[in-house]
Engineer: 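The structure's right below; bear with me while I get my questions together.
Position 1 is the first residue of the sequence; numbering continues from there. The model shown is predicted, which means the values in this text are computed figures rather than measured ones.
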Amino acid sequence: MRTTRSVPARPALIVTLALATAGSLLLAPGAAGADPLPVTREGSAVDDRAARAPASAARRALTADSAAGTATRGYPRRQTLSPDARNPGDKSLKLGLTPYHAIAPKLNALQRLGDRVSVEVTGRSAGGRRLYLVTVTAPETTRQARAQERMRDLIENAPIAAAKSREIKREYKAPVFVNNNIHGNEWEGTDASLKVIEQLATAKDAKTRDLLAHSRLYFNVTANPDGRIAGTRANANGFDLNRDFVTASQPETRAMRRIELGKQPAVLLDLHGYVNGTLIEPTTPPHGENYEYDLFLKNSYANALGMESAVNALGYTPAKDGVEAAQIPFRDQEEGWDDWPPIFTPQYAAFHGTVAAHTVEIPLAVNNEEYDELPVPELRRRSAVNTAVAGAAIRATLDHVREHRGTLVADQIEVFRRGATGAAQVPVSPRTVPGVPGIGPEDVYTTTFPRAYVIPPAGARTQRSGPAAARLVDHLLANGVRVTRATRPFRLDGRTHPGGSYVVDMHQPKRGMANVLLADGRDISGKVSVMYDISGWSLGSLWGATVERVPSGSLHGAPLRAVSEAVRVAHVPAQGNLRLRLTDPREIAALNSLLRQGVPVRRAADGSAIVPASARREARTAARTHDVSFTATRQSGTAPLHRLRVAAAVTPGELFALREMGFDVAPVSTAVLNAGFDWRTSGADVLFVSAGLDRAALTAPARRALDTFLDGHGLVGRGATGAALNAAAGRLAVKPVEGNADANGVVKVTNTGGITRGAPDHGFVYAPLWFTDPGPGVRVEQSYATGNPLVSGHWRPLGDGTGGPAAASGQASVVSGDRTVLFGTEPLFRDHPKGEFPQVARALFTVAHSASVKESG
C-alpha cells in the first residue's frame, strides 16, 4: 500500500465522487463539479446508444492512405494553409475557444512570427478534416536536420553506440510531443497549445533560446477535429480515439502513430478533461508489464511534481474558483486510474521510447450536461481556467525538458538498449527509483519476454500465408516492430518451423511493443478491484493468425530475412470452381464484393463460399483487392447466397466492423423506428441488435412493424440488449445470464456449431453474457471453456458470488435457432478482435438465408 500520500488513500471512484459532491456545495461563483469517472465505456454496460456514423466516414477511414513522407529538410518548413469555411455551429464558439475553422488562419499567422514555427498536415480525420502538427524549434539547415535524424535513428537502432555518443549528448534535440483534444469535447488543450506556441515563437529570453536549441517541440493541435466541432468525445465514426491505439482503426489514430514513430518523443503530454482537481499521471496500479516501468516512473513522477506545482501556483482555490488542488494518482490514490492497457496515448508512447508520458485531466467540466445547462459566462470562465491549467502543465513540462534533457535522452536510449540486448526488466522499488514516494509490491509488474514469436504460414507447401497472418505482420510493422521471414525450414528451441514462417526476434529495441501485441496477457482479477478500461487485448489470440511463443533458443544462423511488408496471399487457381473460406474478415469482404457484382455464389456444406469458374475474372479482382486466396474445388455449392442489407442497432465499433466486411448497413434505433422507419422499402434482410433498441419503448405501430419484420427475416442479437429484444419478441427460448458488468478480457471458448466453424478458440468479453435453459430447437454454437475461461483481463464475481468466470464455465456463449442467433461475447468490439468477425457475418448470412428459404418454400 502507499506509504506517502498528500490525501488519504482511496479508490479513484470515491475521490471523484467526493469532489463532485464538494463542488456542488460551494457558493462561490461557478463552483465546479467533476465527472463521476474520467472514462466512458463503450457498450451496453454504460452506453446503450445505437451508432449513427455515416458510411462516408467509414469509407474514408478504411481507404485513407498514410500521409506521404517528405525528404529530410531544414526548419522552418513553412506552408500556407487554405482556409476552411466558417462554421457557426462549431461547439467551441460557445465556450469562447478557437473554432476549427480559425485554426488554419491562426497557424498561418504563427508561421509569420519568425523562424521557429513550422506546420505540416499529417492526415485527415474520419470526417475529412485536416490534422495539423506544429513543430517549434530553433532553425536548422538541411544538414543539421539530417544529423538529427541520424542521431534519432542511432538511439533506436544502435542504442549501445548512442549511449556513448558525445554528439548525441551535445547536439541531439530532445523530442517533446503535446497531444491535444483527442476527446473532441475536451477542448482547452488546443487553445493552451496555441498560446504556448505563440509565446515560444517570439520569446527572446535565454531559457527559451536554450530550450529550442536543444529540443524539438511537436504540437498535435487537435487530434479530433470532428469531435471538436460536434462537441462529442468521439470522432465522426463514433470512436473514442484514446481507446484505438492497439487496433489503429481510425485515421486520426494512425496519424498519431506516425508522429510517435517518426519523431520518437522522449516526453509526451496528452491533455484531457475534466477531473477536479487536476489529475496528472503517473497512475495507480496495475502498471503496464511490458514497458520499462522503472524509467517511466522515475521521469513521469519528476515531471508530474513540476506540473502540480505550476498548476497550484496559478492560485485557483475551491472557495474562489471551484478548483481543487492537483492530484498525482500514483501518490494520492490506491486504484481506479491505471496504466495497464496500451490503448491510451501515454501508454502506447512508452513502447516507442517515451520515458515521461502523462494524461493530464484539467479541472472544470464544460461538456455534456454542463455545456447544455450552464450559462455562457460561466462556461467561458471555466474554459479560461482550464486553458490556464493546461498551459501551466505544458510550460512546466518544457521547463523540465530544458533542465533534464540529458537524463531523458539517456533513459530513452536505455529503453531501446534493454530491448535490443534482451536485458532483464528492472522492478520498481525505493532503491531502483529513488525519490518516488510510496513504491510498494503492488507497483511491481514485469513480464518474461520469450526469445521469439513465430507466425507460421497457412500452408507450408505453397509458402503462402493466410490473410490473418499477413494482416498481423503488416500491423506489427506499422507499429515499429521488426519482423523477419524464413527462407527455408529452420529449428528453434528443439522444434522445426516451416519455411515462409514469420519470426519476431524479441531481442529488438521495441520488444515491449511486440510483446504487448502478441502475448496472451495476464489475468489481473486478483490484483485490483476496479479497472479504468479494458484489461486484455491480445492480437495473438484474437486476430485469427497462429502465433507460437518460443521461450528460448538461438536465432544465430537461422535463414531469416527482414521484411518491410507481408507477402501478399492473393491467389486464384487457373481451373475449376473456386472455394473461398469464410474464416477471416477479408474473405467476408471479398464475398460481399462478388455479391455486389451479381456473381452467383453458393454456399458449401462446410460454410465456405463456392464461386463458379465463369466468374474467375471477378474472383481475381476480389483476391487482389482484399488479399485473399481461393482454392480449386469440384463442388458447386448448395443454396445460393445473396447480397445482404443489414438493419443494425449497434455500437460504433460494430457498425464500423460491419462496413469493413463490406455489408450494406442501415443504422436504426428506438428513435429511428418510432419516427416511422419503413421496413418494406428499406431493403433490409436481417436485423442486428446490440445497443439502442428497446422494444418496450417503441410506439405501437413501430412495435408491430418490428415484429412483422422479425417473423419474416430474423434477428442477430449481441449482449444484454440483443437478448432482451429476443425475449420481448418471443423468439429463441433461452435464459440470458448477465455476468459482472465490469468484467472484460480474452476468454477461452469451445466452438461446436456451423456459425463458429473455423473461429479461433479465444473470444473477447465486455460485460459477459451466457445462456442457460435452452428450449427445443436451440443449438449451442459456442461455449465458454470449462474451469476458468478467462485468459487475460479482469473478471471478478459480484458481491453475492455470482457473475464470475466460474459461473460462466462451460455455459453457452453463442446460441442459434429459428432464424435467430445470440452472442454473449463481443466479436466486433471496437473493431478489434478480427478473428471473431466472421462469426457475425456467418450469423447474418445464416439468419437471412434461413428466412429466404422459408419465404420461398
Engineer: Under the salt bridge (Lys or Arg N to Asp or Glu O under 4.0 Å) definition, can you give me all pairs with a residue in residues 169-178, not counting sequence neighbours?
Structural biologist: E140-K173
Engineer: Does any non-hydrogen side-chain atom of L271 lie less than 4.5 Å from one of I394?
Structural biologist: yes
Engineer: So which atom in A304 and which in H358 form the shortest heavy-atom distance, rounded to 0.1 Å?
Structural biologist: N-CE1, 3.9 Å
Engineer: Heavy-atom distance under 4.5 Å between the side chains of V366 and Y371, does that happen here?
Structural biologist: no
Engineer: Just jot down the side chain to side chain donor-acceptor pair (under 3.5 Å) partners of E188, sequence neighbours excluded, or say none.
Structural biologist: Y274, S383, N386
Engineer: How would you list, by chain and number, every residue that makes a ring pair (Phe, Tyr, Trp, His ring centres under 6.0 Å) with Y100, sequence neighbours excluded?
Structural biologist: none
Engineer: Apply side chain to side chain contact (heavy atoms under 4.5 Å, CB included) to the pair E281 and E361, showing each step before the final yes or no.
Structural biologist: CA-CA 9 Å; E281 192 172 343; E361 300 272 356; over 6 Å; no
Engineer: Which heavy atom of S125 sits nearest to which heavy atom of E252, and what is that distance?
Structural biologist: CB-OE2, 3.3 Å
Engineer: Taking the side chain as everything from C-beta on, heavy atoms only, tell me whether P99 gets closer than 4.5 Å to N87.
Structural biologist: no
Engineer: Ignoring hydrogens, what is the shortest heavy-atom contact between A223 and N179? Give both atom names and the distance.
Structural biologist: CB-OD1, 4.0 Å
Engineer: Does some side-chain heavy atom of R233 sit less than 4.5 Å from a side-chain heavy atom of D240?
Structural biologist: yes
Engineer: Can you establish whether the number of heavy atoms outside K195 located under 6.0 Å from its atom NZ is more than 12?
Structural biologist: no
Engineer: For N108, which residues count as a side chain to side chain donor-acceptor pair (under 3.5 Å) partner, sequence neighbours excluded?
Structural biologist: none
Engineer: Please verify the inter-ring angle class for F296 with Y293; under 30° counts as parallel, over 60° as perpendicular, anything in between as tilted.
Structural biologist: parallel
Engineer: In chain order, what residues pass the side chain to side chain donor-acceptor pair (under 3.5 Å) check against T253, with sequence neighbours excluded?
Structural biologist: D244
Engineer: Does I160, at its CD1 atom, have more than 12 non-hydrogen atoms belonging to other residues, nucleotides or ligands within less than 6.0 Å?
Structural biologist: no
Engineer: What heavy-atom pair brings N180 and G189 nearest, and what distance separates the two atoms?
Structural biologist: OD1-O, 3.0 Å
Engineer: Only pairs at least two apart or in different chains count here, so list each salt bridge (Lys or Arg N to Asp or Glu O under 4.0 Å) that has a residue in residues 84-102.
Structural biologist: D84-R130
Engineer: Could you check whether any side-chain heavy atom of P342 comes within less than 4.5 Å of a side-chain heavy atom of F351, counting everything from C-beta outward?
Structural biologist: yes
